[in-house]
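Keep in mind that what you see is a predicted model, and the values were worked out from it rather than measured. For reference, positions follow the sequence shown, starting with 1.
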Amino acid sequence: SGVERLGDMIAEAKTIVPFTGAGISTECGIPDFRSPGGLWTRYRPIEFGEFVASQEARDESWRRRFAMEEVFAAAKPGRGHRALASLYRAGKIPGVITQNIDNLHQASGFAPEHVIELHGNTTYARCIGCGQAYPLDWVKRRFDDDGAAPNCTACDEPVKTATISFGQMMPEDEMQRATELSQACDLFIAIGSSLVVWPAAGFPMMAKNAGARLVIINREPTEQDDIADLVIHHDIGETLGPFVAN
Ligand code: OAD
Ligand code: ZN
């Protein structure tokens with residue numbers, strides 16, 4: 001079966017690089033983007049340019065974030081996260097590349113420097129001008145007091161979740177490290193991503209072109225199933241659960 005082949009490939013690999021999307025966190029209660037009920041079936045994304053240009057867009061963006069706070073605060077690593085953390089502790093995974101912003105790889109035991117966050121992190125905020133970090137509590141208090149999304153106390157530019165929005169520059173350092181990891185592994189496993197958002201979606205192919213074997217684990221078919229060595233159209237928790245070390 002697919003899971004047995006995956007087990008063999010994991011056993012044979014020296015260096016495994018996982019690449020994760022929202023599907024790894026759905027069992028943790030966090031909705032994905034493009035499945036039925038996903039975020040982009042309910043909301044239109046607020047692009048970076050709109051956020052910069054409009055106080056109304058910033059207020060709406062923060063209202064959406066606060067509405068999700070209980071979900072993010074309660075989320076615990078799922079079986080997929082825990083399986084990857086087990087392989088990381090076993091020395092097989094030098095780092096995980098993620099499109100996720102939920103901090104759950106860190107929560108599962110990855111050192112922060114081994115989580116490459118291509119789309120940032122939603123568990124804290126940053127000034128888009130000077131980069132000053134702010135806790136979400138601070139933003140919430142200011143929002144409640146002023147009735148509007150706050151600006152930076154240092155430079156007066158808008159404060160945004162520390163995530164990458166459509167239209168925003170990709171983080172250079174993370175892109176560089178993701179490139180190095182993709183080119184240096186012998187097994188690359190894309191987990192829970194529709195693989196439609198670029199440049200993130202370029203890493204599976206980059207790994208494949210550099211000689212890695214490519215596995216895709218996703219309930220639905222993805223754009224890149226045809227270039228994979230193994231495709232598992234199955235639930236992530238069930239597929240990776242057997243790799244959680246006790
Ligand atoms: P998507 O919502 O596009 O894709 C998630 C995939 O996971 C879907 O194809 C689901 O079928 C699959 N899935 C969900 N739960 C699963 C489960 N339990 N088992 C197996 N498969 C499951 O999410 P991403 O590909 O992560 O970026 O989205 C990429 C980017 O688009 C995000 O990082 C975000 C979004 O816009 C930005 O906002 C910049
Ligand atoms: Zn600032």
Indicate whether any N or O donor in one side chain lies under 3.5 Å from an N or O acceptor in the other, for [X] and [Y].
| X | Y | result |
| --- | --- | --- |
| Gln99 | Ser193 | yes |
| Asn103 | Gln106 | yes |
| Thr20 | Thr98 | yes |
| His234 | Asn218 | no |

**Message:** Heavy-atom count check: over 12 atoms from other residues, nucleotides or ligands less than 6.0 Å from Glu180 CD?
**Reply:** yes
For [X] and [Y], which heavy atoms make the closest approach, and how far apart are they?
| X | Y | value |
| --- | --- | --- |
| Cys28 | Pro77 | SG-C, 4.0 Å |
| Pro221 | His233 | CA-NE2, 3.4 Å |
| Ser108 | Ala85 | O-CB, 3.3 Å |
| Val17 | Pro94 | CG2-CG, 4.2 Å |

Using a 4.5 Å side-chain heavy-atom cut-off and chaining through intermediate ILVMFWY residues, the residues clustered with Leu240 come out as Leu6, Met9, Ile10, Ile16, Ile24, Leu84, Leu87, Tyr88, Ile93, Val96, Phe110, Val115, Leu187, Ile189, Ile191, Val215, Ile217, Leu230, Ile232, Ile236, Phe243
Can you list the steps and then say if Arg34 with Thr41 is a side chain to side chain contact (heavy atoms under 4.5 Å, CB included)?
CA-CA 7 Å; Arg34 294 172 183 81; Thr41 70; 6.0 Å; no
Charged N to carboxylate O below 4.0 Å: is that the case for [X] and [Y]?
| X | Y | value |
| --- | --- | --- |
| Lys140 | Asp144 | yes |
| Arg79 | Asp235 | yes |
| Arg63 | Glu60 | yes |

For the backbone of [Y] and the side chain of [X], can you confirm whether one donor and one acceptor N or O come within less than 3.5 Å of each other?
| X | Y | answer |
| --- | --- | --- |
| Ser86 | Arg82 | yes |
| Gln55 | Ala149 | yes |
| Asn121 | Ala162 | no |
| Trp62 | Val159 | yes |
| Ser35 | Asp32 | no |

Residue pairs passing the ring pair (Phe, Tyr, Trp, His ring centres under 6.0 Å) test with at least one member in residues 118-157, sequence neighbours excluded, are Phe66-Phe143, Tyr134-Trp138
Discussion item. Quick one, Lys92 and Thr15 - any side-chain contact, counting heavy atoms below 4.5 Å?
Written reply: no
Can I get a per-line list of side-chain donor-acceptor pairs under 3.5 Å for residues 42-49, giving both atom names and the distance, sequence neighbours left out?
residue: Arg42; atom: NE; partner: Gly37; partner atom: O; Å: 3.4
residue: Arg44; atom: NH1; partner: Glu50; partner atom: OE2; Å: 3.3
residue: Arg44; atom: NH2; partner: Glu50; partner atom: OE1; Å: 3.1

* Asked: Do Met175 and Leu195 share a hydrophobic cluster, counting only Ile, Leu, Val, Met, Phe, Trp and Tyr and linking them when any side-chain heavy atoms are less than 4.5 Å apart?
  -> yes
For residues 164-172, which side-chain donor-acceptor pairs fall under 3.5 Å, sequence neighbours excluded?
residue: Ser165; atom: OG; partner: Lys160; partner atom: NZ; Å: 3.1
residue: Gln168; atom: OE1; partner: Lys160; partner atom: NZ; Å: 3.1
residue: Gln168; atom: OE1; partner: Ser165; partner atom: N; Å: 2.9

Across all chains, not counting sequence neighbours, the ring-ring contact (aromatic ring centres under 6.0 Å, His included) partners of Phe19 are Phe188
Could you give me the CA-CA distance, side-chain angles and deciding distance for Gln132 and Arg126, then say whether side chain to side chain contact (heavy atoms under 4.5 Å, CB included) is met?
-> CA-CA 5 Å; Gln132 169 72 47; Arg126 260 190 205 293; over 6 Å; no
Validation: residues 68-75 side-chain donor-acceptor distances under 3.5 Å, sequence neighbours left out:
residue: Glu69; atom: OE1; partner: Arg65; partner atom: NH1; Å: 2.9
residue: Glu69; atom: OE1; partner: Arg65; partner atom: NH2; Å: 3.0

